[in-house]
Student: 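Dropping a structure here in structure tokens format, bear with me for questions.
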Number of protein chains: 2
Amino acid sequence: MNNSVSIKDIAKKFKCAPSTISRALNDHPAINIETRKTIQEYALKVGYQKNTLSLSLLNNCSMTLGLVLPSITHYHESSMLEGMEEILLKSGYLLNICVSNESHTIEKEYIDRLLANRVDGLFISMAQESYDQQLGEHIDRVIQRSLPVIFIDRPNHGVASDRVVTDDYQGAFMATKHLIDMGCQRIAHLHGPSGISVSQQRFLGYQDCLIAHGRQVEADLIQYVHFSAESAIQATRILMQSDSKPDAIFGVNDEVCIAAMFVLREMGISVPDEVAIVGFDDIPLASFGHPPLSSVSRQSRKIGEEAAKLFLSKKDQKLEPVTISLDPKLIIRESSLRS
Amino acid sequence: MNNSVSIKDIAKKFKCAPSTISRALNDHPAINIETRKTIQEYALKVGYQKNTLSLSLLNNCSMTLGLVLPSITHYHESSMLEGMEEILLKSGYLLNICVSNESHTIEKEYIDRLLANRVDGLFISMAQESYDQQLGEHIDRVIQRSLPVIFIDRPNHGVASDRVVTDDYQGAFMATKHLIDMGCQRIAHLHGPSGISVSQQRFLGYQDCLIAHGRQVEADLIQYVHFSAESAIQATRILMQSDSKPDAIFGVNDEVCIAAMFVLREMGISVPDEVAIVGFDDIPLASFGHPPLSSVSRQSRKIGEEAAKLFLSKKDQKLEPVTISLDPKLIIRESSLRS
DNA sequence: GCCTCAAATGCAAACGTTTGCGTAAAATTT
DNA sequence: AAATTTTACGCAAACGTTTGCATTTGAGGC
């Protein structure tokens, strides 16, 4: 069943103490250089591999981290994961991935398992359920263990904590400003799920930009959608069939905007001339939309990198909570370009 | 630094042996029912959490699995991961995610770490480098440990092994057949990276279907691309600027097809009338393409589920290697529909 | 008061590795 | 040759938990 060879096994072979083998394998100078070589060669031959579990137990350090996400299928999330992996690979860590599917129960269960497995730190983007109902005891338990907890995108309520986020507010402000600059008069917003920080910040940026430019924030120009394309279809129809149609749409992410452009095309409404559109996330396919979709790029990959780096700096010294806010960048393409 | 409370700590508090605490927490009947309750309450109060590492060491079973993927940003991969997670969540496992970025060196490094951490099994989609150069010793080492290894999408060379795949050949055949049925005469193929099983199978399906219908397989109708949209741009231009233009394109995945449609639109070539297009993977945005993209759906999520189930059935009994091949499904949309 | 039995709990080993300290033998210095 | 140093290795504890077996305690039967 278990074919793995241990230091003890090797010790028996050489009729010496396990400590000698351990030192030999770690190239400890106290061991005769030839003995070392012999042992190392033998270990290689029989495929010895250090059992990290015993060390984790001993040193209270597992070199394993947890990443808890509501989902992973969006480009932003998977791209962020790749950035994180790149940094952690170099530092010798492994990453446990946990998809909560926006469920508080699942999130809690995963965090329990991660704690039981003694991860050295936790990256988390909180499930909507946890965020909505302000359920944070499962996170508190992690913090009480004095484990580094780094929030990604979605913070927890109230408590000061380490965070890595895009400045969604600023991104939304820029997008809205751009639409205003393009001469749009009635800018609609496809608003993301209401409980989520990202949705809220993007809405606030949109709202404040309108106000800052002396515009009204009209309730019937705001439609709520999920992060998926499907949910944007009906929302766009409602917007365009209302008495006071918008002449621009700022969407909470690119998927909903691409779906919106699809509906507009179906309805014979031209983009950007009749309705200009700006999305958020700058997914790879945004530039191949019809027309190419303007979007706020949020440096997804870099968010992962920064989160990983933040952990590395936190793990040794106890520092004050930090919020790293990455600047979004407005990528202007045809969907919002009016002459 | 380390705030976690152990069974020994509790034992001291109650002035009894660790074994008593252990039994009490596990509701062992040998322990007085009231003692049990007292101890359990205390454990809850002080936030005791079992240290799984010690058990992993003892039982040689970590309840942790490894997943090694070339990348994670494509819909197919992340969706597969979600399916896998769903099953593993129920079974109490955690998943270590490792992104090899198609590099053999990184893949090897990750597998080393996974083995050192004593994962109970491995899911892997091999890096192109490993596959191309037939480098498989790192995998062999895992198998020698008699750990369940389950290949996803990309198999290893020669060796009989457990696999979960889409029937790419059949999917490509269906797509090509559909284009033939639509009256297309010159069907081009955007061929994926040549070393990869998925590319090869899809090309073979395309080729065999053409031959089965008495068509020629013309070299200048085949263009090699990467899996990304960008690389498809030039390929499509070359195809359409050649002397003998195609009147249909079957692409190795949806991203390249969406990019191809973009170029065609730029060139004023109508889809599907002048060029019909069918992709592969059926990503969520396929249906919102201009026009909506026909595509072969490969049940990505189910691949993950099946892989996880296969592991669960393998972990106890040693069974013969199994290949689970999921049927692809052709989703016909406007991009290939000719009247 | 002695024996038996059951109930409740303790002991110790095990998993694999590291590491401070001890110790033997060999090499070097007086 | 004795004293000292160096070299090379062994011993044992530690990490947290489980578990078979031993032990203690108390109750009940005779």
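Letters A, B, ... mirror the listed sequences (proteins, then strands); counts begin at 1. Please read these numbers as outputs of a predicted model, since none were measured by experiment. Computation of the quantities below employed the complete heavy-atom set of this structure, encompassing side-chain atoms and omitting hydrogens, waters and symmetry-equivalent molecules.
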Student: Under the ring-ring contact (aromatic ring centres under 6.0 Å, His included) definition, can you give me all pairs with a residue in residues 55-98 of chain B, not counting sequence neighbours?
Tutor: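 For residues 55-98 of chain B: Tyr93(B)-Phe311(B).
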Student: Residues from residues 6-16 of chain B sitting under 4.0 Å of DNA chain C, heavy atoms only?
Tutor: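 DNA chain C contact set from residues 6-16 of chain B: Lys15(B), Cys16(B).
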Student: Using salt bridge (charged side-chain N to carboxylate O under 4.0 Å, His left out) as the criterion, list what pairs up with Arg154(A), not counting sequence neighbours.
Tutor: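 Once residues adjacent in sequence are excluded, the partners of Arg154(A) under the salt bridge (charged side-chain N to carboxylate O under 4.0 Å, His left out) criterion are Glu102(A).
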Student: Does dA8(D) have OP1 or OP2 under 4.0 Å away from a side-chain N or O of Asn32(A)?
Tutor: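 True: Asn32(A) side-chain N/O within range (under 4.0 Å) of dA8(D) OP1/OP2.
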Student: Any ion pair linking Arg141(A) and Asp112(A) (charged N to carboxylate O, less than 4.0 Å)?
Tutor: yes
Student: What do you reckon, is CD of Glu34(B) surrounded by more than 12 foreign heavy atoms closer than 6.0 Å?
Tutor: no
Student: With each end axis built from five pairs of C1' atoms, what bend angle do you get for the helix from dG1(C)-dC30(D) to dT30(C)-dA1(D)? Round to 10°.
Tutor: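 One end axis against the other gives 70°.
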Student: Asn26(B) near the nucleic acid: base, sugar-phosphate alone, or nothing, with a heavy-atom cut-off under 4.0 Å?
Tutor: sugar-phosphate
Student: Looking across every strand, which nucleic acid part, if any, lies under 4.0 Å from Thr52(B) by heavy atom: base, sugar-phosphate, or nothing?
Tutor: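 Thr52(B): no heavy atom of the nucleic acid under 4.0 Å.
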Student: Produce a footprint string for nucleotides 20-26 of chain C: one letter per nucleotide, 5' end first; B if the base is under 4.0 Å from any protein heavy atom, S if only the sugar-phosphate is, - if neither.
Tutor: B------
Student: Check Glu41(A) with Lys45(A), please: is the shortest side-chain N to carboxylate O separation under 4.0 Å?
Tutor: no
Student: Salt-bridged, Lys315(A) to Asp120(A), with N to O below 4.0 Å?
Tutor: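 No.
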Student: Counting any heavy atom closer than 4.0 Å, what does Thr35(A) reach on the DNA or RNA strands: base, sugar-phosphate only, or nothing?
Tutor: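 It contacts sugar-phosphate atoms only.
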Student: List in chain and number order the residues that pass salt bridge (charged side-chain N to carboxylate O under 4.0 Å, His left out) with Asp140(B), two or more places apart in sequence or in another chain; answer none if no residue qualifies.
Tutor: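 Salt bridge (charged side-chain N to carboxylate O under 4.0 Å, His left out) list for Asp140(B), sorted by chain: empty.
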Student: Counting side-chain heavy atoms from CB outward, which of dG16(C), dT9(C), dT18(D) is closest to Ser22(B)?
Tutor: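 Selected nucleotide: dT18(D).
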Student: Regarding Glu86(B) and Arg301(B), does a basic nitrogen lie under 4.0 Å from an acidic carboxylate oxygen?
Tutor: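 Arg301(B) and Glu86(B): salt-bridged.
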Student: Can a donor-acceptor pair be found between the side chains of Ser103(A) and Glu129(A) at a distance below 3.5 Å?
Tutor: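 There is no such pair between these side chains.
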